[in-house]
Amino acid sequence: MKFFIDTANLDQISEAQQLGVLDGVTTNPSLMAKEGITGKDNILKHYMDICEIVDGDVSAEVVATDFDGMVKEGEELAALHSQIVVKVPMIKDGVKALKYFYDKGIKTNCTLVFSPGQALLAAKAGATYVSPFLGRLDDISTDGLNLIAEIRLIYDNYGFETQILAASIRHTMHVIDCAKIGADVMTGPLSSIDGLLKHPLTDIGLEKFLADYKKGNS
Ligand code: G3P
């Protein structure tokens, strides 16, 4: 399972990278705005800064919603750095753009996916990644994890190579559940990765080991 971090915060990206388990980064316009990154030049520079920190794929989202606009913007983003993956929304022109980018050998991440049908279309169009938003489904009392499982079944039935990128992960249990289902990638906040480390028995056990060592060596 690949671990992506879902943020545009450079400190958090660096922290996850230093842990040694980071495979990539996902961003979106809301996450960029949260970091105060505005204006095209600053946004493009920020993507470059992220690419300098991590070794893996960095999703950069287009803001155009028409085919020509998405193609123009996506090509510009892809030309920035070899790690850039063009993030395209699941709308009709987005599906056309996914196919266009596939034919050009440009990697894509199809975002804002909330149904198995949308995921099937994204795979048919040749998306590199599909991003089902599980947390946002949970927010409206719909089982987000079930969507990940349905997409896994459909993709396995036909051998689609599109990778399931479980997005809108909110906490550590989402990560564990997605791993059980077989999501190819998870993207979540740093806290969802850090949470994997924690167990009270680890802390208690370590404290005891160190106390016993101290007793025997003082
Ligand atoms: O990767 C998608 C993600 O940014 C959405 O997460 O928490 O805003 O639903 P959230």
Side-chain angles (χ1 to χ4, degrees), residues 1-13 15-17 21-38 43 46-47 49-51 53-54 56-63 65 70 73-74 77 83-91 94 97-98 107-116 118-119 121-123 127-148 150-152 162-179 181 183-196:
M1 187 192 212
K2 289 185 201 167
F3 278 13
F4 288 0
I5 189 169
D6 194 32
T7 183
N9 182 289
L10 299 182
D11 291 339
Q12 289 181 19
I13 293 169
E15 195 176 330
Q17 173 68 19
V21 299
L22 192 67
D23 300 296
V25 176
T26 51
T27 63
N28 63 37
S30 304
L31 293 171
M32 295 294 268
K34 192 173 164 194
E35 298 307 317
I37 313 297
T38 55
I43 290 172
H46 202 72
Y47 287 137
D49 291 344
I50 294 174
C51 289
I53 298 172
V54 297
D57 287 347
V58 174
S59 287
E61 188 159 341
V62 298
V63 289
T65 53
M70 280 188 257
E73 218 182 312
L77 288 168
Q83 286 166 241
I84 293 285
V85 173
V86 180
K87 207 171 178 189
V88 174
M90 172 38 77
I91 53 176
L98 289 172
K107 289 208 247 182
T108 53
N109 174 357
C110 181
T111 189
L112 291 166
V113 166
F114 293 94
S115 77
Q118 291 178 324
L121 259 184
T128 313
Y129 297 103
V130 66
S131 287
F133 277 29
L134 74 99
R136 291 194 192 182
L137 282 170
D138 289 355
D139 288 346
I140 58 159
S141 306
T142 303
D143 187 354
L145 286 168
N146 186 50
L147 173 61
I148 309 287
E150 287 182 308
I151 300 171
R152 181 73 284 154
T162 299
Q163 295 178 55
I164 302 173
L165 196 172
S168 187
I169 293 255
R170 300 284 170 73
H171 49 72
T172 300
M173 274 317 292
H174 273 158
V175 180
I176 304 291
D177 287 332
C178 285
I181 292 167
D184 300 288
V185 191
M186 80 84 196
T187 190
L190 183 59
S191 58
S192 68
I193 299 173
D194 280 347
L196 295 166

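Just so it is clear, the structure is predicted and the values come from calculations on it, not from any experiment. Read the numbers this way: they start at 1 and go in the same order the structure lists the ligands and their atoms.
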From the list Leu145, Ile151, Asp143, side-chain contact (heavy atoms from CB on, under 4.5 Å) with Leu147 holds only for Ile151
Identify the residue among Thr26, Asn109, Thr187 that makes a side-chain hydrogen bond (donor to acceptor under 3.5 Å, both in side chains) with Ser59.
Asn109
Flag side-chain contact, heavy atom, 4.5 Å: Arg170 against Asp139:
yes
What residue and heavy atom of the protein are closest to atom 5 (C) of ligand 1, and at what distance?
Arg136 NH2, 3.6 Å
For atom 7 (O) of ligand 1, closest protein heavy-atom neighbour
Arg170 NE, 2.9 Å
Which residue and heavy atom of the protein sit nearest atom 6 (O) of ligand 1, plus the separation
Ser168 CA, 3.5 Å
Quick test: of every protein heavy atom, which one is nearest to atom 2 (C) of ligand 1, and how far off is it to 0.1 Å?
Phe133 CZ, 3.3 Å
Which residue in the set Ile193, Ile164, Ile148 passes side-chain contact (heavy atoms from CB on, under 4.5 Å) when paired with Met186?
Ile193
Numbered atoms of ligand 1 (with element) below 4.0 Å of Asn28, judged on heavy atoms:
3 (C), 4 (O)
The closest protein heavy-atom partner of atom 4 (O) of ligand 1 is Asp6 OD2, 2.6 Å
Can you tell me if Glu61 and Asn28 form a side-chain donor-acceptor pair at under 3.5 Å?
no
Going by the order shown, which atoms of ligand 1 are within less than 4.0 Å of some heavy atom of Ala167?
1 (O), 2 (C)
Counting both backbone and side chain atoms, is some N or O of Thr187 under 3.5 Å from an N or O of ligand 1?
no
Taking side chain as C-beta onward, heavy atoms only, is Leu165 less than 4.5 Å from Asp184?
no
